[in-house]
Amino acid sequence: MITRYRIGTPFDMESVVVQLPVHDGALPGWETDAQNKCLTRTLAKSDIVYGLGESVRGINKRGWLYTSNNSDDPHHEETKHSLYASQNFVIVFSPDTKIAFGLYVDAPGKINFDIAYTDPDVFSISFEDFDADLYLVEAGSLKEIVREFRGLIGRSYIPPKWAFGLGQSRWSYMTADEVREVADSYDEAGIPLDMIYLDIDYMERYKDFTVNEEAFPDFEAFVKEMKDRGIHLVPIIDAGVKIEEGYPVYEEGIEKGYFCKKENGEELVAAVWPGTAHFPDFLNEDARRWFGDWYGFLTEKGIDGFWNDMNEPAIFYTADHLKEVFEGIRSFEGKNMDLRTFFGFKGLVASLENNPEDYRRFYHDFHGQKVRHDKVHNLFGYYMTRAAGEAFTRLRPGKRTLMFSRSSYIGMHRYGGVWTGDNQSWWSHILLNLRQLPALNMCGFMYSGADLGGFGQDCTEDLVLRWLSLGIFTPLMRDHAAMGTRRQELYRFKNTEAFRNIVGLRYALIPYLYSEFMKAVLKNDMLFLPLSFEFPDDERALTVEDQLYVGESIMIAPVYEQNARGRYVYLPERMKLLRFRSASDFDEEILEKGDHYVPADLNEVLVFLRPGHVLPLAASGARRVDEINEQDLTWFTFEGRPEEYELYTDDGISAIN
Ligand code: GLC
């Protein structure tokens, strides 16, 4: 059962698809303090809090302050409060009473979720603007709460099936030849691959919907050449539109008045990759349609997948603030800078990027109302991706288009997936990746994944291999790394065979992963589940933060520490361990419920099969998703029957209504 409560006069975010009547009364179980703009409740010592999608820390969110404030910040340390997304859904579970409820806070501005941080026994939610729709979700189990909530927010985005293949990315492949070389090298190494991503340098001076003709001559023919060999090119689209006379996207946007404006009616000038740029007002329906249609520039050339970036939106500086900074710097000239003034001086340049003041300098036309950006800040990435998603139904009717975004808000899950942004080649980020997955699923984000191997910093071969032992289970499986970092394409490492085998295992798992993904999407279930969602009565399972159930049949427990030879695993039930060296080389062992130390060499992936369940595996050898032979499956069973398994198959490219 879902009940809608309201505080103040919220906007309609269009994050839900079911319009419930507003219950007049205060949110039960919480104290509403209008003066301090906050909601509070006490937590019992053993209460667990789940949710908040893409955020730092554990599966159990208790013990930290999480702020919904979409931020372009590549330092995903555990002491951060905000990442790129605002997914304001939490579930509070009391193991003592077995009572759980979900709460969705539908408000687009800054919100603090103080989950037993200030006071270890208190959960408080405070707002900058006390206007929100609050949806209280009550049901008999954790899984049922998620199912009800997902019914409220609508069906999750479905990508083409080929998007379950491996994608290789780097900032940036600079020329068509470099892209060809990546494809050739993968093929030569015998490592399957379905996508190569084009980062900002495919464009002409970072202008959206342009192609650098010198570096990528006859782009359309190139897209076809790659597609003929089974590889999809996936270009990036950025939120900022370069200011440049003669550039049609800029000129049309100005002429139609579709860019975000300041109080005085002038367009905001903010700089991103191309230097000064304007932001399309994605919250305005007409502007959204206009920007969405521009994706046609690339779909006409055969492109069938995109990633939307810098849509928090990221701001290097605004022209107005830059002026203030120059003036500020000049005012220090010739002065003796002491402790206080020196830091003030030093902070000036640092204050340019993503400055909160800048988010108060521009406005949207939202549902016909002039709204200051900071009031609806967290919607920007959602509405950019919605522009694309809505456009694809016009540009590619009846077909699925790959789409994922960096910034998001609940509601965007209907138009695309997410990748979790600029992580680092750190062992701790394997664990962060694992912990974010179930929380993303709770909030409707099903097609999601992290930059495997880490975006920032230099990776190591063992880190990439171990990361893949998680990454081969994530729907979005992409290796992406930043400019200047050690090369991270899988064929570059010494032990090519291990990479060939682990990616081969992924492709062999696709019949299962795709089935479980599709069933979860269609039934509003999660693909990745914390152990507690399956075993809420098992006290030990409640605290496990480094293992996940993936679909109905298996549990995974990746190794995430360097030089480890294995790891401790908790089994909440008797299971069959499948230790895979490749799809055709594995050993099996039955393990009893309880704690086990399970050895796992660098080239081994641990999969635990549940009793009463089966795991289908395709024969190895497919180099592309399309080559997987779904007719010839090997069934791993553990007291389960293959004929009882619901294998989901379709053509993988037609839109599903
Ligand atoms: C941002 C993105 C990253 C991309 C880079 C250049 O940092 O998060 O994935 O490579 O921009 O476009």
Side-chain angles (χ1 to χ4, degrees), residues 54 70-77 80 82-85 167-175 178-179 182 195-212 215-216 233-242 270-275 277 279 298 305-317 352-354 380-381 384-385 388 402-408 412 416-426 429 432-433 436 445 447-459 467 471 474 476-489:
E54 178 192 312
N70 294 359
S71 305
D72 165 31
D73 181 346
H75 304 283
H76 308 171
E77 292 134 4
K80 284 295 157 75
S82 311
L83 297 176
Y84 309 90
Q168 180 59 56
S169 186
R170 182 168 182 86
W171 175 18
S172 289
Y173 298 126
M174 304 300 284
T175 62
E178 199 179 343
V179 173
V182 172
M195 286 154 282
I196 298 182
Y197 286 78
L198 301 180
D199 208 321
I200 48 176
D201 292 283
Y202 80 87
M203 299 182 217
E204 187 197 311
R205 282 172 294 126
Y206 313 127
K207 289 186 290 183
D208 280 337
F209 314 119
T210 65
V211 172
N212 179 340
F216 293 86
L233 295 179
V234 186
I236 195 168
I237 302 294
D238 283 311
V241 170
K242 184 175 176 17
V272 220
W273 306 119
F279 293 130
L298 289 157
F306 297 89
W307 46 313
N308 278 351
D309 191 24
M310 304 294 270
N311 49 3
E312 294 69 33
I315 298 180
F316 292 173
Y317 60 86
L352 282 172
E353 220 174 330
N354 303 324
F380 197 74
M384 177 188 180
T385 300
L402 171 60
M403 162 53 64
F404 57 89
S405 166
R406 191 170 73 175
S407 175
S408 64
M412 200 205 84
V418 287
W419 100 98
T420 53
D422 300 347
N423 59 7
Q424 311 277 335
S425 294
W426 293 345
H429 276 184
L432 179 64
N433 183 182
Q436 287 177 337
F445 293 87
Y447 186 76
S448 52
D451 286 350
L452 301 174
F455 174 76
Q457 312 295 335
D458 291 333
C459 66
W467 205 321
T474 62
L476 166 59
M477 182 193 188
R478 182 177 76 143
D479 174 344
H480 179 48
M483 184 184 273
T485 58
R486 185 176 183 181
R487 301 300 298 214
Q488 203 166 288
E489 293 81 13

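Counting convention: from 1, in listed order, for ligands and their atoms alike.
- Scanning all heavy atoms of the two residues, the minimum distance from Tyr84 to Asn70 falls at O-CG, 3.1 Å.
- Nearest heavy-atom pair across Ser169 and Trp307 is OG-CZ2, 4.2 Å.
- Here the rule is side chain to side chain donor-acceptor pair (under 3.5 Å) with Gln424, and of His429, Gln457, His76 only Gln457 fits it.
- Protein heavy atom at the shortest distance from atom 3 (C) of ligand 1 is Asp422 OD1, 3.4 Å.
- The protein heavy-atom contact nearest to atom 5 (C) of ligand 1 is Trp171 CE3, 3.8 Å.
- The distance from the CG atom of Asn212 to the CD1 atom of Ile200 is 12.0 Å, given to the nearest 0.5 Å.
- At least one N/O-N/O distance between Arg406 and ligand 1 falls below 3.5 Å.
- The distance criterion of under 3.5 Å between nitrogen or oxygen atoms is met by Asp309 with respect to ligand 1.
- Neither the backbone nor the side chain of Tyr197 comes within contact range of ligand 1; no heavy atom lies under 4.0 Å.
- Only the side chain of Ile236 comes within contact range of ligand 1, with a heavy atom under 4.0 Å; no backbone atom does.
- Distance NZ/Lys242 to OG1/Thr210: 10.0 Å, rounded to 0.5 Å.
- Nearest to atom 9 (O) of ligand 1 among the protein's heavy atoms is His480 NE2, 2.9 Å.
- Neither the backbone nor the side chain of Tyr84 comes within 4.0 Å of ligand 1, counting heavy atoms alone.
- For the side chain to side chain donor-acceptor pair (under 3.5 Å) criterion with Trp467, the lone passing option out of Asp451, Asp479, Asn433 is Asn433.
- Between Asp199 and ligand 1, at least one pair of N/O atoms sits closer than 3.5 Å.
- By the 30° and 60° cut-offs, the orientation of the rings of Phe455 relative to His480 is tilted.
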